[in-house]
Every structure is written in C-alpha cells, then in structure tokens.
Colleague: 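First, the structure itself, so that you have it in front of you.
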Amino acid sequence: MKEIKRTVFLIINILIPIGLGAVAYYLVSPDVLFVKQIDLLLGKAMHFEVANNMSAVKFIRNYFLDMLWAYALVFALSLIICRNTAQLWKAFMIAFTFSAIMELLQITPVVQGTFDIWDIVVELIAELVAVFIIKISFLEEVQEKYEKEN
C-alpha cells in the first residue's frame, strides 16, 4: 500500500506541473516550438496577448514555467530510478545536469532558445525544492527503516 501511495504522490507531482506549464506556455507563448506544433494540429491558435513588461509576467513566462518542468523532472526521475530517499540525490544530479546542459546548448544552434544563466539558477532551486518535498513526504519511510535497523 505504501508503494502505491508513493507512486500516486510522485505521478501527481509530475502531471500537475507539466499540465500547468503546458497550458500556460500554450496560452501566452505562441513562439514556443511545441505550441506551434499544437496550433498546426488544431488548425487554429488560441493565445492571449500578455504585457511582457510587467515583472510578474516576465518572471512567470521566463522562469517559473521552466521551474515547473525542472520540478516535474526530479519527480519523474525519482519515480523511475529511486527505490528509497537515499537514491534521491542521483535523480537530482541527473535532472540538474540535464537542465544545465539544455540551457548551455541554447548558446549553440543545436537547441532553439535564448541562453540565460538565471534559467539554470531557478531550475536548480526548483529541483532542490522537489528533493526537499520528496524527502519530507517520505520521512516516515526513512524513520521506519532506521527503527528497524536499531
């Protein structure tokens, strides 16, 4: 039962940020590659013009959406490769390395986008938050294991 509860928790923390991020990208970022593909599939575009000169809008569009993806990535990796919280740092390191490399590749013509060092910083923060949430959520599991060993 604990394994099912853990799996459901991880999946929810993958799907909600990805879903929110995808909807937000679609509505306010018509220049993003996957948004253009959705527009082609739908045969029409349904986007909102948002004043990009407001600080909150800039933060959401330029950083917060990337934070959602990074957060979900840690949860996805945790679901796939971690059987306990001790292995969580492996998921974190893979996520952070992937995020940093993808951002650095934006300097080259290989990956579309605009390189921004702050993207790496905010993704690192989101990934650390995800690790912290997973650790706190499964603290009971760690305590039980400790009690069994002692």
Colleague: Is there a path of hydrophobic side-chain contacts, each under 4.5 Å between heavy atoms, that joins Ile134 and Phe92?
Modeller: yes

Colleague: Working to the nearest 0.5 angstrom, can you tell me the gap between Leu10 CG and Leu77 CG?
Modeller: 11.0 Å

Colleague: For the ring pair Tyr26 and Phe34, is the centre-to-centre distance below 6.0 Å?
Modeller: no

Colleague: Got a second to check how far Asp119's CG is from Leu65's CG, nearest 0.5 Å?
Modeller: 10.5 Å

Colleague: Should Ile133 and Phe9 be marked as a side-chain contact (heavy atoms from CB on, under 4.5 Å) after you check the CA-CA gap, both sets of side-chain angles, and the distance that decides it?
Modeller: CA-CA 11 Å; Ile133 289 171; Phe9 174 77; 3.9 Å; yes

Colleague: Going by side-chain hydrogen bond (donor to acceptor under 3.5 Å, both in side chains), name the pairs with one or both residues in residues 87-101, residues two or more places apart or in two chains.
Modeller: Ser99-Glu127

Colleague: Tell me the closest heavy-atom pair linking Gln106 and Thr114, and the distance in Å.
Modeller: OE1-O, 2.9 Å

Colleague: Treat each ILVMFWY residue as a node, draw an edge where side-chain heavy atoms are under 4.5 Å apart, and state whether Met93 and Ile80 are in one component.
Modeller: no

Colleague: Looking only at non-hydrogen atoms, find the nearest pair between Lys135 and Leu88 and report the distance.
Modeller: CG-CD2, 3.7 Å

Colleague: Taking the side chain as every heavy atom from C-beta outward, state whether Lys44 and Asp39 have any atom pair closer than 4.5 Å.
Modeller: no

Colleague: Going from CD on Glu103 to CG on Leu124, what distance comes out if it is rounded to the nearest 0.5 angstrom?
Modeller: 13.0 Å

Colleague: Shortest non-hydrogen contact from Pro17 to Leu68?
Modeller: CB-O, 3.6 Å

Colleague: Evaluate the side-chain proximity of Phe96 to Ile120: yes if any heavy-atom separation is below 4.5 Å, no if none is.
Modeller: yes

Colleague: Which atoms form the tightest heavy-atom contact between Ile14 and Ala72, and what is the distance?
Modeller: O-CB, 3.7 Å

Colleague: Considering non-hydrogen atoms only, spot the tightest contact between Asp116 and Tyr63 and give its length.
Modeller: OD2-OH, 2.5 Å

Colleague: With a sphere of 6.0 Å drawn around CZ of Phe98, does it hold more than 12 non-hydrogen atoms of other residues, nucleotides or ligands?
Modeller: no

Colleague: Any ring pair (Phe, Tyr, Trp, His ring centres under 6.0 Å) involving residues 115-136? Give me the pairs, sequence neighbours left out, ordered by first then second residue.
Modeller: none

Colleague: Check for me, please, whether Phe138 and Val8 land in the same ILVMFWY cluster - side-chain distances under 4.5 Å, paths through other members count.
Modeller: yes

Colleague: Where does the angle between the aromatic ring planes of Phe64 and Phe59 fall among parallel (under 30°), tilted (30 to 60°) and perpendicular (over 60°)?
Modeller: tilted

Colleague: Given side-chain contact (heavy atoms from CB on, under 4.5 Å), test Ile94 with Ile81 step by step and report yes or no.
Modeller: CA-CA 10 Å; Ile94 293 169; Ile81 65 174; 3.7 Å; yes

Colleague: Heavy atoms, side chains only, cut-off 4.5 Å: are Val131 and Val74 in contact?
Modeller: yes

Colleague: Show me the pairs that pass side-chain hydrogen bond (donor to acceptor under 3.5 Å, both in side chains) and involve residues 69-79, at least two apart or across chains.
Modeller: Asn13-Tyr71

Colleague: To the nearest 0.5 Å, what is the distance between CG (Leu41) and NZ (Lys36)?
Modeller: 14.5 Å

Colleague: If Ile, Leu, Val, Met, Phe, Trp and Tyr residues are connected whenever their side-chain heavy atoms lie under 4.5 Å apart, and connections chain through other members, are Leu104 and Val110 in the same group?
Modeller: no

Colleague: Do Ile11 and Ile4 land in one hydrophobic cluster if side-chain heavy atoms of ILVMFWY residues count as linked below 4.5 Å?
Modeller: yes

